[in-house]
Structures are given as C-alpha cells and as structure tokens.
Amino acid sequence: PTEEHKYNRKVISKNFIAKESKTDTTYYYSCSCGKIGTDTFKISKEDPTKHNLELLDLNVTCDCLDYPAIFSCSDCDDWFVDSLLNHDLNMPILNLKGELSNVSKDDKKKISCDYISKDESFECDATIKHQGNASLNYPKKNYSIQFFKPDTDYDKKYKVEFFKGCGKQSKYCLKADYADDSHIKNLFGADLARQIINDLDVKDDISNLPNKGVVDGFPVILYENNVFYGLYNLVIPKDKWLFQMDTDEELRTAIVTTEGGEVGTFSGLANYDYSNGLDLEFCSTEDDDSIDDSWVVDSFNNIIRTVIDCDDESFKNEINKYISIERTIDLIIETLAGAGYDNIWHNIIFTTYDGVKWYPSMYDMDLMFSNVTSDQDIKIENNLLFKRILSCYKDEIADRYFQLRETILKKDSIANTINNRINKILYPAILSDSTLWKVPYSKSTFINISKIISTRVDNRLTYLDSIFTVN
C-alpha cells in the first residue's frame, strides 16, 4: 500500500510560496517527500522577531533547499525547515559532492566540494580517501582531502589558508572524532602540547616552527551531496609543511610515526621494509632514486639500540645525541596528565632535521582526557624509551612537571583552553552528529563538558602531584 502523505513540514522556500504581501509571506505545508499540501502558514516580513528561530536539528533532507536544517522558535515552540545559509551560525559548512560509497584508504575518489563560512567561501574539485588505521574500524571514518582548482583535471592544487598559522594548504584531514563525544579532545590536547612546547626555554628545530609542529584545526558541518554527514574537525595534516621540510637530497630530514609493534615499544629494531611499527611519512631524499632511504631506519634505530643495550650511565651519556630529552620529558608529562594510554606505543611523530637527532610530538589525541580514574595506571612503562627516561631523569621530570603546574597545567588555564575549543561548536551540531552516528549524548553533557574535562584533568594532576612529590 502507498504510504499516506503527512503535510506537517514548514519549509521556508520559494518552492512552497502560496502568496506574498507587503507584510507576510504565505507558504504551503509540505510532506517530507516534498509533495505540497493545501494548508498554509505565514511568516511576517514586518516583524522578524515574531519567530525567534534557533537551530534544532541537521538530520533533515529537502531537495529544494541548500543545506537544509530544522529550526525551532524559542518563543512559540513552532518549527520550520530552512537553509543554514539564511542564518548566522558561526560554523563553516563543507559539502562533498560526488560518489563516496566506495572510498577507501588506498583508493582516492575524485569529487567536487563547496566551502562556506563568514571569512572564506569557494568551490573546487577535490580528491578524498580514508585516513587512519585503527579508526577505520569505526562506522564514521576519517578522511584525507586535497583541493584542486576547478576545471583543471585535478592537476592544479587549490591552496587556502583557513586560519592564521596554518599556511596555505591544499591537503587537510577531516577528523571524525567518533571515539570522542566532545569533539574537542584531539585539538585541546594539541593546544596544550603547543603551549608546553612554546614554554620550554630551548632553542631547537622545533621552537621556530609556525605551529610548533602540532596539528590545529576547527569544526565544520559536513554535508554529503547536500545531506548532513556529521560534525567533523578540519585539521592540518602531519606532513612536511607542518615541520617545514623540503625535498632536498642534500638534507637528511624525515618524519616517521610509531604505530605499535616492536618499534612502538622500543623493544626491537625497525625493519627496512617498515613492517614492525615504524611508518615513513616523509623523507627529503624520497624523490632521488640514486639515494637509499635506509638511512632513516638506521638513524632511528640508534635510539632503539641505546634504549635496549645501554646501562643507566651509558644511556644518559648517549641518548641525547639521538633524541631531544627536553622534548621527550614534556611529551611524557602530557601523556601522563591526559592519561594518554593510546599515545604510548603509537600516535607519536618523530622528526629529524640532520639525520641524527629526533624530536617527538603527539597526534591523534582523541582518547586522551577520557573517563579514566585519576590514579589509573596507563602502563607508560610499556614504552621502553619512556621507561628509561622516567628512571634516569626523575628529578628533571619532577622539576619540569611542577613548573608546568604553576602555568599551563593550572586548573584555570586548562579550563580556558577547553572553553576556547568548545565555544566553536554548536550544541545542535553535536546532537545531530550523535543521532546520525548513534553515539549517546545529552544537552547536560554538552553544557558541562568544560567542567567535566577540566575536573577530570585536575583530579588526574592532583594524583600526579603526589606521585612526583614522593619520587
């Protein structure tokens, strides 16, 4: 049997106008399928405050509107379907246009896209593929996207600088943050890392980087072919621009990541085929076939050999030749502070600018600051590099920890950093995302998220205070 039409939608679109006067526009009610009914409703032209419309839900389809959404009136509890473009929401829109059903990590798809915000709007072509490793098991995927100028057969890159400090980029990541119901933990963790890096009174290859070698980004409302697809964060990728590296065979610069295995725990040497936990992200000699890139593995293995083979005295004498102790201590402190159990044996970037000394930093911090007990053991000693440094540099770690507790890791400072992130997100966008992807969420959680995370971190730090005081 044919389903009966229900003419209960108030769609504010010229397609449904019944008549207009100097004071009112009268619209027909419509069915969710788009069929027009006979009953009507009015919207006043003279009194725009008659309906005080607020975004309610993004999970609605409407072929006659670009970027449709449901808005409710805070005065009369009535609701309407309207385009996001008719409202000043302070959140950018990214619409991916094309066939996305067969996208994978290894198979880029050619699409086009529209980006709309108060500061920047453009149309372009793009390629898109899945991004990540463990996150590929989630129903909501991460994506790598690259922009190209329209009508250039995906040959000429379209570079855009979305915010100060990110540089003009054509490549970005769309982070789903499926495991993070707040959608801020990854970038909040990056903010803390950037502050800590900036605070360290050391001049090295990291201190002068434009973004301190840490990712940054902002939330976007993502549409797929004009249908809401979720709340995402558009993030700078962890590539050579972030670390200011050039493809120059005379240099020995490289970016690697640890992804578990023997290398992730620093318990075994890296293989030349990158099969046991070391991933090559960039190498300055990668475009020169006459140069063997094995120097990257040889150089990184110097760290692992020092961890495995040296006694404590030899370790302290040798390790600083191959890795920045100061930067590693800061990394350990943030990992402990955020209970970053997912950033111990993987999700760590290492960079070298001379082929000898490496600098570590974190990425993919969406599981940090999660709902763990304040005294939970995150097994940081499973990373043997961290274990050796915790053992051999106890006093230095404690001194640096309590220094940060007076500044960046103070409760008020942490709360301010969280608020700067959460204030960029609209609650209906999070709620719509949780409905679409079936992730439980509530308004009370959103309203109190700053207090929830800052209290969680403060409780964790209070516990660490006692640990570092005893030790």
Side-chain angles (χ1 to χ4, degrees), residues 132-137 179 186 189 193 213 238 254-281 294-352 356-370 372 375-394 396-397 464 467 471:
N133 292 302
S135 61
L136 293 175
N137 295 315
N186 183 37
K238 55 180 190 298
I255 306 169
V256 299
T257 58
T258 52
E259 297 295 343
E262 293 177 311
V263 177
T265 57
F266 287 82
S267 60
L269 298 179
N271 296 333
Y272 290 110
D273 61 358
Y274 298 97
S275 62
N276 64 334
L278 190 70
D279 280 357
L280 180 64
E281 301 286 339
S294 61
W295 68 265
V296 177
V297 174
D298 290 336
S299 176
F300 197 82
N301 278 339
N302 286 332
I303 306 174
I304 300 175
R305 284 192 183 92
T306 306
V307 170
I308 295 173
D309 296 339
C310 290
D311 59 26
D312 285 354
E313 183 178 355
S314 299
F315 178 81
K316 291 193 72 170
N317 289 334
E318 293 294 316
I319 192 63
N320 201 39
K321 298 177 184 177
Y322 306 121
I323 193 168
S324 168
I325 291 299
E326 296 89 354
R327 297 298 183 195
T328 309
I329 285 174
D330 279 355
L331 184 75
I332 288 172
I333 290 172
E334 185 175 3
T335 303
L336 287 169
Y341 59 87
D342 198 42
N343 298 87
I344 294 172
W345 51 273
H346 71 162
N347 293 338
I348 304 177
I349 305 172
F350 293 85
T351 55
T352 183
V356 178
K357 193 164 188 173
W358 293 83
Y359 300 90
S361 60
M362 275 190 289
Y363 70 99
D364 281 359
M365 292 165 275
D366 53 312
L367 293 181
M368 290 186 70
F369 319 106
S370 296
V372 297
D375 61 348
Q376 183 166 329
D377 182 3
I378 61 171
K379 308 295 183 184
I380 196 168
E381 292 86 0
N382 287 344
N383 181 317
L384 298 187
L385 170 65
F386 290 174
K387 182 179 181 179
R388 297 298 305 271
I389 290 176
L390 281 164
S391 174
C392 294
Y393 292 88
K394 286 182 181 179
E396 292 88 344
I397 294 173
L464 292 177
I467 297 297
N471 292 336

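One is the number of the first residue; the rest follow in order along the sequence.
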### Query
Would a distance-only check, ignoring hydrogens and angles, find a side-chain to backbone donor-acceptor pair under 3.5 Å from Asn301 to Ala270?
yes
### Task
May I have the step-by-step check of side chain to side chain contact (heavy atoms under 4.5 Å, CB included) for Leu331 and Met362, ending in yes or no?
CA-CA 7 Å; Leu331 184 75; Met362 275 190 289; 3.2 Å; yes
### Query
Could you walk me through whether Ile329 and Glu396 pass the side chain to side chain contact (heavy atoms under 4.5 Å, CB included) check?
CA-CA 8 Å; Ile329 285 174; Glu396 292 88 344; 4.1 Å; yes
### Query
Between atom NZ of Lys357 and atom CZ of Arg327, what is the distance when rounded to the nearest 0.5 Å?
10.5 Å
### Under 3.5 Å side-chain donor-acceptor pair for Tyr272 and Asp298
yes
#### Entry: Spatial distance of atom CD1 (Ile304) from atom OG1 (Thr258) [nearest 0.5 Å]
9.5 Å
### Query
About how many Å separate CG of Asp342 and OG1 of Thr335, when rounded to the nearest 0.5 Å?
11.0 Å
### Shortest non-hydrogen contact between Asn383 and Ile344, atoms and distance
ND2-O, 2.8 Å
### Message
To the closest 0.5 Å, what do you measure between CG (Asp273) and CG (Leu278)?
### Response
10.5 Å
### Task
Give a yes or no answer on whether the side chain of Asn343 reaches the backbone of Tyr363 with a donor-acceptor pair at less than 3.5 Å.
yes
#### Entry: For Lys316, side-chain hydrogen bond (donor to acceptor under 3.5 Å, both in side chains) partners two or more places apart
none
### Heavy-atom closest pair, residues Asn382 and Thr265
O-CB, 3.4 Å
### Query
Atom CD1 in Ile303, atom CZ in Phe266: separation rounded to 0.5 Å?
5.5 Å
Considering only distance and modelled atom types, tabulate donor-acceptor pairs under 3.5 Å from the side chains of residues 384-392, sequence neighbours left out.
unit_1 : atom_1 : unit_2 : atom_2 : d
Arg388 : NH1    : Val307 : O      : 2.7
Arg388 : NH1    : Cys310 : O      : 3.0
Arg388 : NH2    : Cys310 : O      : 2.9
Arg388 : NH2    : Asp311 : O      : 3.4
Arg388 : NH2    : Asp312 : OD1    : 3.1

### Task
State, to 0.1 Å, how close Ser324 and Pro360 come at their nearest heavy-atom pair, and which atoms those are.
O-CD, 4.5 Å
#### Entry: Audit row: Leu280, Phe300, side chain to side chain contact (heavy atoms under 4.5 Å, CB included) steps and yes/no
CA-CA 11 Å; Leu280 180 64; Phe300 197 82; over 6 Å; no
### Query
Where do Ile333 and Ile397 come nearest, in terms of heavy atoms and distance?
CD1-O, 3.9 Å
### Task
Apply side chain to side chain contact (heavy atoms under 4.5 Å, CB included) to Leu269 and Arg305, showing your working.
CA-CA 7 Å; Leu269 298 179; Arg305 284 192 183 92; 3.7 Å; yes
### Task
Look at the aromatic rings of Tyr393 and Phe315 and report parallel, tilted or perpendicular, splitting at 30° and 60°.
perpendicular
### Task
Might you point out which heavy atoms bring Ala179 and Asp366 nearest each other, and give the distance in Å?
CB-OD2, 4.0 Å
### Query
Is Ile349 close to Glu281 at the side-chain level, that is, under 4.5 Å between some pair of heavy atoms?
no
### Message
Against Ile323, only a single residue in Thr352, Thr328, Asn302, Thr306 fulfils side-chain contact (heavy atoms from CB on, under 4.5 Å); can you say which?
### Response
Thr328
### Query
Got a second to check how far Ser135's OG is from Asp364's CG, nearest 0.5 Å?
7.0 Å
### Task
Give the minimum heavy-atom separation between Met368 and Glu334, together with the two atoms involved.
CE-O, 3.2 Å
